[in-house]
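Please read the structure below before turning to the comments.
As the structure is a prediction and not an experimental result, all values here were calculated from the model. Throughout, residue positions are numbered sequentially from 1 according to the sequence presented.
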Amino acid sequence: MEYLAHKEVASVTLFDLRLSEGELMVYEGCIEFVLKNCVDSEIFRITGCSSREELQSYQDDLKDLVRAYVLKEYLPDKFKE
């Protein structure tokens with residue numbers, strides 16, 4: 001991962017980062033593990049997400065990025081759904 005820039009917008013810090021496809025897949029896999037193995041209170045404690053659905057939306061965004069930009073022949077099966 002490479003840091004490129006950041007800016008403050010209201011109460012949120014937005015980051016511009018450079019990530020490899022492998023890094024995106026690892027982050028998506030970590031979210032999947034948390035969703036499958038943690039109860040809602042643990043999800044909040046670990047991630048700060050207010051709901052399981054919020055964390056699921058982050059996972060969906062990562063999956064969409066991988067599906068959109070990684071060459072199809074290199075996609076792991078779980079991203080071909």
Side-chain angles (χ1 to χ4, degrees):
M1 176 186 325
E2 181 182 349
Y3 167 83
L4 301 174
H6 77 279
K7 65 181 170 182
E8 306 294 328
V9 177
S11 62
V12 176
T13 304
L14 298 176
F15 291 90
D16 292 329
L17 303 171
R18 182 173 303 189
L19 301 167
S20 71
E21 61 200 46
E23 288 169 312
L24 289 175
M25 290 180 199
V26 167
Y27 300 142
E28 184 279 327
C30 290
I31 292 172
E32 181 177 43
F33 179 87
V34 169
L35 287 169
K36 285 183 177 180
N37 294 289
C38 297
V39 297
D40 291 347
S41 60
E42 289 175 309
I43 289 174
F44 177 75
R45 183 180 56 77
I46 293 167
T47 68
C49 290
S50 60
S51 68
R52 180 173 293 278
E53 292 75 22
E54 180 183 3
L55 184 58
Q56 180 70 59
S57 74
Y58 293 143
Q59 182 187 29
D60 292 342
D61 290 344
L62 288 171
K63 282 182 175 180
D64 290 344
L65 278 172
V66 169
R67 286 184 186 124
Y69 297 105
V70 174
L71 295 174
K72 305 304 180 221
E73 59 265 26
Y74 298 120
L75 276 178
D77 287 342
K78 72 182 253 177
F79 290 98
K80 294 179 183 177
E81 302 168 351

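- From Lys80, atom NZ reaches atom NZ of Lys72 across 10.0 Å, with rounding to the nearest 0.5 Å.
- Once rounded to the nearest 0.5 Å, the distance linking CG of Leu62 with CE of Met25 reads 11.0 Å.
- Rounding to the nearest 0.5 Å gives a distance of 11.0 Å between CG of Leu24 and CG of Asp61.
- More than 12 heavy atoms of other shown residues, nucleotides or ligands fall within 6.0 angstrom of atom OH in Tyr27.
- Cluster membership for Tyr58 and Phe44, using ILVMFWY side-chain heavy atoms within less than 4.5 angstrom, is not shared.
- Here the straight-line distance linking atom CD of Glu2 with atom CD of Glu23 works out to 10.0 Å at 0.5 Å rounding.
- Within the 4.5 Å cutoff, the side chain of Leu35 has heavy atoms near those of the Ile31 side chain.
- Among all heavy-atom pairs drawn from Glu28 and Phe79, the shortest one is OE1-CZ, 3.5 Å.
- For Lys36, the NZ atom counts as loosely surrounded, since its 6.0 Å shell holds 12 or fewer non-hydrogen atoms of other residues, nucleotides or ligands.
- The distance from the NZ atom of Lys63 to the CG atom of Leu75 is 12.0 Å, given to the nearest 0.5 Å.
- Within 6.0 Å of NZ in Lys7 there are 12 or fewer heavy atoms belonging to other residues, nucleotides or ligands.
- Between Ser57 and Glu54, the shortest heavy-atom distance links the atoms OG-O, 2.6 Å.
- Residues Phe15 and His6 approach most closely at CD2-CB, 3.7 Å, considering heavy atoms.
- Considering all non-hydrogen atoms of both residues, Leu4 and Leu17 come closest at CD1-C, 4.0 Å.
- Within the 3.5 Å criterion, the main-chain N or O of Cys38 finds a donor-acceptor partner in the side chain of Arg52.
- Hydrophobic clustering of Ile, Leu, Val, Met, Phe, Trp and Tyr side chains at less than 4.5 Å, counting indirect connections, unites Tyr3 with Leu19.
- Counting only N and O atoms by type, the side chains of Glu53 and Gln56 include no donor and acceptor under 3.5 Å apart.
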